[in-house]
Amino acid sequence: MTTDQAGQAQPTTDDPQHGGILALDVARAHGVSTLFTLSGAHVFPMYDAAVKTEPAMPIVDVRHEPTAVFAAEAIGKLTRTPGLAVLTAGPGVTNGVSAVAQASFSGSPLVVVGGRAPNNRWGTGSLQELDHPPIFSSISKSSTTAHTVADIAPTMDEAFTLAGSSHRGPAFVDVPMDEFFNSAPAGRPSQGNTTAPVQPDPDALRAIAELLRTSERPVLVLGTDVWADRAEVAALQFVQETGVPVISNGMGRGIVPGGHPQLVTKARSTAFNRADLVIVVGTPLDFRLGYGVFGGKEGATPARTVHVADSAGQVSSHADTAATAHGDLSLFFTGLFDALTAPAAHGRRPDWTPWLSTLQTEVAAATARDTELLTAEADPIHPARIYGELLPRLADDAVVIGDGGDFVSFAGKFVEPKRPGGWLDPGPYGCLGAGMGAAMAARIARPSSQVVLLYGDGAAGMSLMDVDTLVRHDLPVVMVVGNNSAWGLEKGPMQWIYGYDVAADLAPQTRYDQVVTALGGGGEMVTDPREIGPAIDRAFASGIPYLVNVMTDVDAAYPRATTGI
Ligand SMILES: Cc1ncc(C[n+]2csc(CCOP(=O)(O)OP(=O)(O)O)c2C)c(N)n1
Ligand SMILES: [Mg+2]
């Protein structure tokens, strides 16, 4: 023990500390500032550490573990440093599996700490004695047990370093209960390091620059990892200096702000069908991007595809690519620009103005078509009308979260964020139920921003009880339910395949708003399209968790071009 200037006793690295303190010190060093959990004795030392160490760490205790892990995952997405969820042994841990899988699919930095039955009883059948790490091995970057109290700090340090280094993702650590309560010297404090940026291969950059220089109709796709890798400034600069048309997905949305003349997401099919080169950066060549095949319809020559990822393991192995690169994505964009404009490349800057104008004409036509839906007077309400009312009320720094089926697909079509890092969707794992945790995280990470959670009514049922957590922790968010009284995104396809549907209807016009009111928030039901806007205004003004429950037309299904299969 030493004393600080105020004469307070400060632990030295030689003073024994209990396992919770050792674990939380490492988490803090890696930037964690909130702990999400649901109580269980196996993990009490983490709570004791959060309460007793200076400064105390806020504990957000939820009503169902998935919400805790979805919240921690969303902290990772929003802040780009790993979020922390602490789950009690056995069922607490297994309740977190879907959210960890989502983090793995989305490349979200996340550390989950699990309790674990004590070593001194292992094999004898103590409560919740389950060997967790094998369960997470296929959905995490690392999944391991800190077998002794002395292992806790180094194991946590490695988990955070892995989770926060590209390609980011979840890491799981469990700690036997007796060792969690046990004490050990802290050892060397964690520096909170992540791995050093990797320079993309200059030959690969030159090859991509040559493809781009000779392309007449290129399209650049910006995905989640451009944001996660903090490459949004370099990406926008590249876009502006080259004039290349852009389409974005996931957390890549907003890097090129909504309304920017080069953002052609609304002309997506023309752009992909007619492009001669598609450069995809920071997102997998999965079902959302036609598995990396662009154009080639009716005998036309398909576009050449370039895939660029934050790390070698993310580069597509299934697609037929003309070139690939991997490494730090800011270095990729600056390096590609240098290669494109180098004297050896004849200094000729390509002119894609005619191609861009074609796409801009399409964007204008699509925008005009959208306006009809956004202002629809239909009764029952067309879900698009909700976005017609919401969009003009959104501030540039709003965080918009989608959790649902068709209702959220409409959001993806209509909401074009003005800034990056303000759009959270389920990503390629497509897990319903993630929205409430994400809304909690957004409220915490962006205290002065609007936070809007767009819920399908089916999805709302998966997490709405955690409004209780929003209320207890004073986390006001605006929830808008597109209530078509159905699992709409399944009802339509089942009708299409079988001519009938089953297991797709929900109770008609359920008062989800009254659920929120009962839990201490506010809400109202809306059946008249003209009442949507005023209800959203009241929700924003309320300063409490508030749910606007809009009855929508179940027959207004999202016009889907892909099935994801
Ligand atoms: C955890 C989970 N369970 C089931 C599904 C399958 N699923 C995808 S969309 C959907 C319907 C969603 O209904 P709702 O939230 O009401 O939105 P809507 O399509 O009606 O707008 C379902 C059940 C899923 N993606 N995730
Ligand atoms: Mg629904």
Side-chain angles (χ1 to χ4, degrees), residues 64-67 69-70 73 94-106 139 286-288 373 376 378 380-387 390 400-415 424-439 452-466 479-498 501-513 515 525-527 532 547-565:
H64 196 200
E65 284 88 356
T67 299
V69 187
F70 284 128
E73 192 227 359
T94 51
N95 270 347
V97 170
S98 287
V100 172
Q102 169 164 299
S104 172
F105 272 61
S106 297
I139 50 171
D286 62 16
F287 67 93
R288 296 170 299 170
L373 282 179
I381 294 169
H382 192 289
R385 175 67 187 263
I386 300 175
Y387 296 106
L390 178 65
V400 179
I401 298 149
D403 186 6
D406 277 351
F407 184 54
V408 173
S409 303
F410 279 113
K413 183 178 166 70
F414 297 128
V415 182
L424 280 83
D425 62 23
Y429 196 54
C431 189
L432 296 178
M436 174 60 76
V452 182
L453 170 53
L454 303 166
Y455 260 147
D457 52 326
M462 291 189 173
S463 63
L464 208 51
M465 193 65 205
D466 257 310
M479 293 158 269
V480 181
V481 177
N483 189 344
N484 57 7
S485 306
W487 301 101
L489 194 152
E490 303 300 348
K491 188 178 174 73
M494 191 160 178
Q495 279 285 350
W496 181 68
I497 294 171
Y498 290 101
D501 67 88
V502 66
D505 287 328
L506 295 164
Q509 307 210 332
T510 297
R511 296 299 301 271
Y512 299 103
D513 51 310
V515 175
M525 174 172 166
V526 177
T527 54
I532 301 170
L547 188 145
V548 179
N549 189 11
V550 187
M551 301 304 128
T552 59
D553 184 1
V554 70
D555 293 326
Y558 185 75
R560 202 161 291 284
T562 57
T563 59
I565 309 297

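One-based numbering, in listed order, for ligands and for the atoms of each.
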Legend entry - For N484, the ligand 1 atoms whose distance to one of its heavy atoms is below 4.0 Å: 18 (P), 20 (O), 21 (O)
Legend entry - N484 OD1 and A486 O subtending at the Mg ion (ligand 2) (10° steps): 90°
Inset, instruction - Look only at interatomic distance and state if L489 has a nitrogen or oxygen under 3.5 Å from any nitrogen or oxygen of ligand 1. - result: yes
Legend entry - D406 N/O under 3.5 Å from ligand 1 N/O: yes
Inset, instruction - Decide whether the shortest distance between a heavy atom of G430 and an atom of ligand 1 is less than 4.0 Å. - result: yes
Inset, instruction - Please work out which of the three classes, parallel, tilted or perpendicular, describes the rings of Y387 and F414, given edges at 30° and 60°. - result: tilted
Inset, instruction - Would you confirm whether D425, through its side chain, and G402, through its main-chain N or O, come within 3.5 Å as a donor-acceptor pair? - result: no
Legend entry - Identity and distance of the protein heavy atom lying nearest atom 3 (N) of ligand 1: M462 CE, 4.0 Å
Inset, instruction - Give the residue, atom name and distance (to 0.1 Å) of the protein heavy atom nearest atom 21 (O) of ligand 1. - result: F407 N, 2.9 Å
Legend entry - Any A486 heavy atom less than 4.0 Å to ligand 1: yes
Legend entry - Any donor-acceptor pair under 3.5 Å from S485 side chain to Q509 backbone: yes
Inset, instruction - Find all atoms of ligand 1 within a distance of less than 4.0 Å from any non-hydrogen atom belonging to G404, and give their numbers and elements. - result: 15 (O)
Inset, instruction - Using side-chain hydrogen bond (donor to acceptor under 3.5 Å, both in side chains) as the criterion, list what pairs up with D555, not counting sequence neighbours. - result: none
Legend entry - Test of proximity, G405 against ligand 1: N or O pairs below 3.5 Å: yes
Legend entry - A486 backbone acceptor or donor facing D457 side chain under 3.5 Å: yes
Legend entry - Atom nearest to the Mg ion (ligand 2) - D457, N, O or S atoms considered: OD1
Legend entry - Interatomic distance, C431 atom SG to F70 atom CZ [nearest 0.5 angstrom]: 4.0 Å
Inset, instruction - Compare all side-chain heavy atoms of K413 with those of Y558 and state whether any distance is below 4.5 angstrom. - result: yes
Inset, instruction - Among all protein heavy atoms, pick out the one at the shortest distance from atom 20 (O) of ligand 1; state its residue, atom name and that distance to 0.1 Å. - result: G488 N, 2.8 Å
Inset, instruction - Hey, can you tell me if H382 and F410 have their rings parallel, tilted or perpendicular (30° and 60° cut-offs)? - result: perpendicular
Legend entry - Nearest non-hydrogen protein atom, atom 6 (C) of ligand 1: E490 OE2, 3.2 Å
Legend entry - Protein heavy atom at shortest distance from atom 26 (N) of ligand 1: L432 N, 3.2 Å
Inset, instruction - Spell out, as yes or no, whether a donor-acceptor pair under 3.5 Å connects the side chain of T552 to the backbone of N484. - result: yes
Legend entry - Within-4.5 Å side-chain heavy-atom neighbours: I386 and L454: no
Inset, instruction - May I ask you to identify the nearest protein heavy atom to atom 14 (P) of ligand 1, giving residue, atom name and distance to one decimal place in Å? - result: G458 N, 3.6 Å
Legend entry - Residues which pass side chain to side chain contact (heavy atoms under 4.5 Å, CB included) with N95, listed by chain and number, not counting sequence neighbours: H64, E65, P66
Legend entry - Pick from Y455, Y429, W487: the one approaching atom 11 (C) of ligand 1 most closely through a non-hydrogen atom: W487
Legend entry - Protein contact of atom 15 (O) of ligand 1 - nearest heavy atom, named by residue and atom, plus distance: A459 N, 2.9 Å
